[in-house]
Amino acid sequence: MLATARRILCRNCCRNCCRNYAVVGLDPVSESRTVPAGIVLPSYHKNGIPPQRPHSVDIKSKDDIELLREAGHITGGILDQVLNLVEVGITTDELDKFGHDLIVQRGAYPAPLNYRGFPKSICTSVNNVLCHGIPNSRQLLDGDIISIDVSIYHRGVFGDCCSSKVLGGGDLTAHKLRDVAKDSTLAAIAKCRPGEPLRTIGNVIGEHAKRAGFSICKEFIGHGIGSYFHGLPEIYHYPNTAPYPMRTGMVFTIEPIIMEGSDTMQILADGWTAVSADSKRSAQFEHTILITDNGSEILSPHE
């Protein structure tokens with residue numbers, strides 16, 4: 001028994017030593033930030049319960065599109081500013097404070113704040129954390145890969161986007177994960193147009209991930225967005241057979257999580273932080289897009 005335990009301990013130590021990154025768990029989280037008076041608040045800001053989503057895909061009016069375009073541009077701009085602040089030694093809680101302040105300065109509400117009880121204003125997911133990472137006291141390290149998701153509620157509609165960044169040098173795999181997440185998203189967007197089946201999005205992303213030797217998280221999907229945060233259509237980022245065609249006026253997110261290892265995952269004890277089951281890394285990239293008469297428009301431009 002003792003010899004077996006020693007072999008297991010040695011094997012686990014070897015695995016940890018061979019990693020070029022730190023496996024992230026849960027760290028202390030500070031109190032939620034407050035929103036100043038005068039900000040238009042979503043219905044869930046107090047009780048954390050979002051309204052029921054529409055039962056069908058809605059086609060946006062011209063007025064809806066203008067509001068969503070404005071919200072998307074604000075969101076993308078804030079994401080770029082937060083990413084520019086990312087550096088070795090900063091905590092994700094400091095990034096949350098910076099992002100929160102930028103959002104409320106633009107007269108918007110940080111959409112994650114108290115959404116189903118989420119305690120912070122942005123999501124920061126590092127290394128083995130797939131998504132919904134809660135900003136905390138952990139300092140970022142050289143070689144970390146971080147995905148930052150910024151979403152807002154502004155003038156009655158939501159904006160939503162995400163991008164990833166490798167700190168310091170990082171290894172080739174970290175850079176490749178980031179690039180495949182971005183490139184596969186943009187390649188899928190290039191195929192979006194009226195009449196194109198929604199399955200094309202997942203098929204294109206799947207081809208990119210497979211070619212790179214990566215997997216795709218199947219548990220988290222893209223979604224319709226508007227006066228609601230999450231709605232129809234559901235956007236699968238992996239090969240699928242969904243027959244529903246894209247239509248002019250549809251607005252939805254494409255947000256694949258590209259995984260270094262297995263596509264299995266688990267949720268940590270905070271009820272939010274999603275991590276890879278094998279502790280390997282991931283990267284995410286997201287845009288909100290509008291289906292136009294001739295193709296599509298990115299509503300959340302960012303790097």
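Starting from 1, each residue takes its place in the sequence as its number.
For an aromatic pair to be called close, the ring centres must be under 6.0 Å apart, and His132 with Phe220 satisfies this. When ring centroids are compared, Phe158 and Tyr228 stay outside the 6.0 Å threshold. Two rings, from His302 and Phe285, have their centers less than 6.0 Å apart.
The residues Glu260 and Arg19 are annotated as not salt-bridged, no charged nitrogen and carboxylate oxygen being separated by less than 4.0 angstrom. Ion pair Asp58/Lys60 flagged as a salt bridge, since at least one NZ, NE, NH1 or NH2 atom sits closer than 4.0 Å to an Asp/Glu carboxylate oxygen. A salt bridge links Asp171 to Arg281: one of the charged nitrogens lies within less than 4.0 Å of a carboxylate oxygen. Taking 4.0 Å as the cut-off between side-chain N and carboxylate O, Glu297 and Arg69 count as a salt-bridged pair. Comment: Glu70 engages Arg155 in a salt bridge, judged by a side-chain N to carboxylate O separation of less than 4.0 angstrom.
Between the side chains of Ser121 and His100, at least one donor-acceptor pair of N or O atoms lies under 3.5 Å. Side-chain contact annotation: Asp64 with Ser61, donor-acceptor N/O pair under 3.5 Å present. Side chains of Ser125 and Ser147: no donor on one and acceptor on the other come within 3.5 Å.
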Stepwise side chain to side chain donor-acceptor pair (under 3.5 Å) test for His287 and Glu255: CA-CA 7 Å; His287 273 310; Glu255 47 184 298; over 6 Å; no
Using the rule given for side chain to side chain contact (heavy atoms under 4.5 Å, CB included), can you reason through Ile90 versus Phe98, listing the C-alpha separation, both sets of side-chain angles and the distance that settles it, and then say yes or no? CA-CA 11 Å; Ile90 197 168; Phe98 183 69; over 6 Å; no
Side chain to side chain contact (heavy atoms under 4.5 Å, CB included) for Ile148 and Ser163? Distances and angles first, verdict last. CA-CA 6 Å; Ile148 297 178; Ser163 189; over 6 Å; no
Might you work through the side chain to side chain contact (heavy atoms under 4.5 Å, CB included) test for Asp160 and Phe229, ending with a clear yes or no? CA-CA 9 Å; Asp160 193 4; Phe229 199 175; 3.9 Å; yes
Between Glu94 and Arg33, does the salt bridge (charged side-chain N to carboxylate O under 4.0 Å, His left out) criterion hold? Intermediate values first, please. CA-CA 12 Å; Glu94 290 174 299; Arg33 307 190 193 284; over 6 Å; no
Determine, stepwise, if the pair Val40 / Tyr153 fulfils side chain to side chain contact (heavy atoms under 4.5 Å, CB included). CA-CA 8 Å; Val40 176; Tyr153 181 71; 4.0 Å; yes
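How far NE2 of His237 is from CD1 of Ile201: 7.5 Å, rounded to the nearest 0.5 Å. Note that CD1 of Ile289 is 11.5 Å distant from CD of Glu286, once rounded to the nearest 0.5 Å. Atom OG of residue Ser32 and atom CG of residue Asp96 lie 8.5 Å apart, to the nearest 0.5 angstrom. Of the inter-residue distances, the one linking His45 atom NE2 with Tyr109 atom OH reads 7.0 Å to the nearest 0.5 angstrom. A distance of 7.5 Å separates CG of Asn203 from CZ of Arg199, quoted to the nearest 0.5 Å.
Of the candidates Arg178, Lys165, Arg138, Arg138 is the only one forming a salt bridge (Lys or Arg N to Asp or Glu O under 4.0 Å) with Asp144. Screening Asn136, Asp93, Asn114 for a side chain to side chain donor-acceptor pair (under 3.5 Å) involving Lys120 leaves a single residue, Asp93.
For Arg106, the CZ atom counts as loosely surrounded, since its 6.0 Å shell holds 12 or fewer non-hydrogen atoms of other residues, nucleotides or ligands. At most 12 heavy atoms of other shown residues, nucleotides or ligands fall within 6.0 angstrom of atom CZ in Arg247.
Linking Ile, Leu, Val, Met, Phe, Trp and Tyr whenever their side-chain heavy atoms come within less than 4.5 Å leaves Val29 and Val275 in two separate clusters. Under a hydrophobic clustering in which Ile, Leu, Val, Met, Phe, Trp and Tyr are joined whenever their side-chain heavy atoms come within less than 4.5 Å, directly or via other members, Ile216 and Ile189 fall into the same cluster.
For the pair Lys218 and Tyr236, the cation-pi criterion (under 6.0 Å, within 45° of the ring axis) is not fulfilled.
Remark: Phe118 pairs with Trp272 by the ring pair (Phe, Tyr, Trp, His ring centres under 6.0 Å) rule, at least two apart or across chains.
Closest heavy-atom contact between Tyr44 and Leu113: CE1-O, 3.8 Å. Here the closest heavy-atom approach between residue Ile78 and residue Gly99 is recorded as CG2-O, 4.4 Å.
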